[in-house]
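Here the structure comes first, spelled out in structure tokens, and everything after it is commentary.
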Amino acid sequence: MARAIVHMDLDTFFVSCERLTNSELSGIPLIIGGGDRGVVASCSYEARKFGVRSAMPIHMAMKLCPQAKIIKGDMELYSRLSHDVTQVIQEKAPIMEKASIDEFYLDITGMDKFHGSYKWTDELAQSVIKETGLPISFSLSVNKTVSKIATGEGKPKGNLEIPEGNVQSFLNPLSIQKIPMVGNVTFQLLSRIGVRKIQTLSEMPPEVLQQMIGKNGLDIWKKANGIDHTPVEPYTERKSISTEHTFSQDTIDIIMLKSILIGMVEKLAFQLRSEQWLTSTITVKIRYANFDTETKQCKIAYTSADHILTKNVMELFDKVYQRRMRLRLIGIRFSGLVRGTYQIDLFEDTEEMLSLYAAMDKMKSRYGFDAVMRCAGASFKPNNKDEILKRIK
């Protein structure tokens, strides 16, 4: 039996949320982002006509579309509305995976025995629109890759169904940039040898791609040939991510304690960005030598940026550590997590800050967390398993 995989994507999600709360924003060029030195988090189709795109520097977007209205963005609103959409889909779909704050995969294999799969999916999309007021696009095909590409091709006017027999003819004329995993570097590399269309890529020997690109070469070749066996993973919401550090000897060394806390924040923040989470609640925990345990907590705007999280952790530590007794344990927990495709706080950070985090995360992913760290957090030794207890719930 051919698989039936649906990809659903909320159209210009941040923009749609803002228009849902303020109808005066409808029909005008709209940019969601922050500050003159910030970047575009999302933009309306009216702004895209002028060449504005997500992750573009705000100053460049304003040169392209000076009449656009800029809104800072409200991640709490977006998270709440995303949760509403999730509930509508989850109540009806047999298997649902929430890939990001505005993106979903459904496995409805076998549904055509009872209902037309496309008809059922269209009715679900209409339910989302009716119950939440948010526009949503979808596509139906045999796997995640083809469905995701088809959703992008169908926006914003139509929803596509790509049957198994039509997969290759659908993919062939498209740019290789449509394939998930093909970023700008890979595109430029393949373009230099004349590979710009998916058909050309699909006809290449996979061994050649592996030599050129590395371990991802075979995966890209499979996607170009419409091959993707990745399952739809049932959605479960992670509640928190945390780490603790237990000292072999109780300590009152404030400088060392804060250095370790900075290192702990850096490690957890990197994991948040790697798994595309944002946190809204920080908790700092201390345990004195006599085993008395105290905690302090604060709410923040959704983020996964080290510098924002570190500032709040330091403030909480100063508030909770008042007795000036020796400590045997310190810990940090990030909770109130929401899924998001934006790895750091696009509403506050500058273009330079985004580039810095991207470069650091790339090095950490390739060479390990210890490859690059802030000097202030150097006392934290994440490889010392006897002293680190990491808990993910």
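It should be emphasised that the depicted structure is a prediction, and the values quoted were computed from it without experimental measurement.
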Any [X] side-chain heavy atom under 4.5 Å of [Y] side chain:
| X | Y | value |
| --- | --- | --- |
| Leu201 | Leu209 | yes |
| Thr293 | Lys285 | yes |
| Ile149 | Lys223 | no |

According to the salt bridge (charged side-chain N to carboxylate O under 4.0 Å, His left out) rule, which pairs have a member within residues 199-215, sequence neighbours left out? none
Contact summary for [X] and [Y], nearest pair of heavy atoms:
| X | Y | answer |
| --- | --- | --- |
| Arg3 | Thr230 | NH2-O, 3.0 Å |
| Pro135 | Ile129 | CA-CG1, 4.2 Å |
| Val167 | Val142 | CG2-CG2, 3.9 Å |

Give a yes or no on whether a salt bridge exists between [X] and [Y], defined as a side-chain N under 4.0 angstrom from a carboxylate O.
| X | Y | answer |
| --- | --- | --- |
| Lys319 | Glu315 | no |
| Glu123 | Lys92 | no |
| Asp250 | Arg287 | no |
| Lys148 | Glu103 | yes |

Hey, does the Lys NZ or Arg CZ of Arg273 hover above the aromatic six-ring of Phe270, less than 6.0 Å from the centre and inside 45° of the axis? no
Using the ring of Tyr321 (Phe, Tyr or Trp, six-membered ring only), decide whether Arg324 places NZ or CZ under 6.0 Å from its centre and within 45 degrees of its axis. yes
Residues which pass side-chain hydrogen bond (donor to acceptor under 3.5 Å, both in side chains) with Glu164, listed by chain and number, not counting sequence neighbours: none
Kindly write out the residues that satisfy side-chain hydrogen bond (donor to acceptor under 3.5 Å, both in side chains) with Ser44, not counting sequence neighbours, or none if the list is empty. Glu46
State the CG-OG distance between Asp84 and Ser79, to the nearest 0.5 angstrom. 9.5 Å
So for atom NZ, which belongs to Lys155, do other residues, nucleotides or ligands contribute more than 12 heavy atoms lying within a distance under 6.0 Å? yes
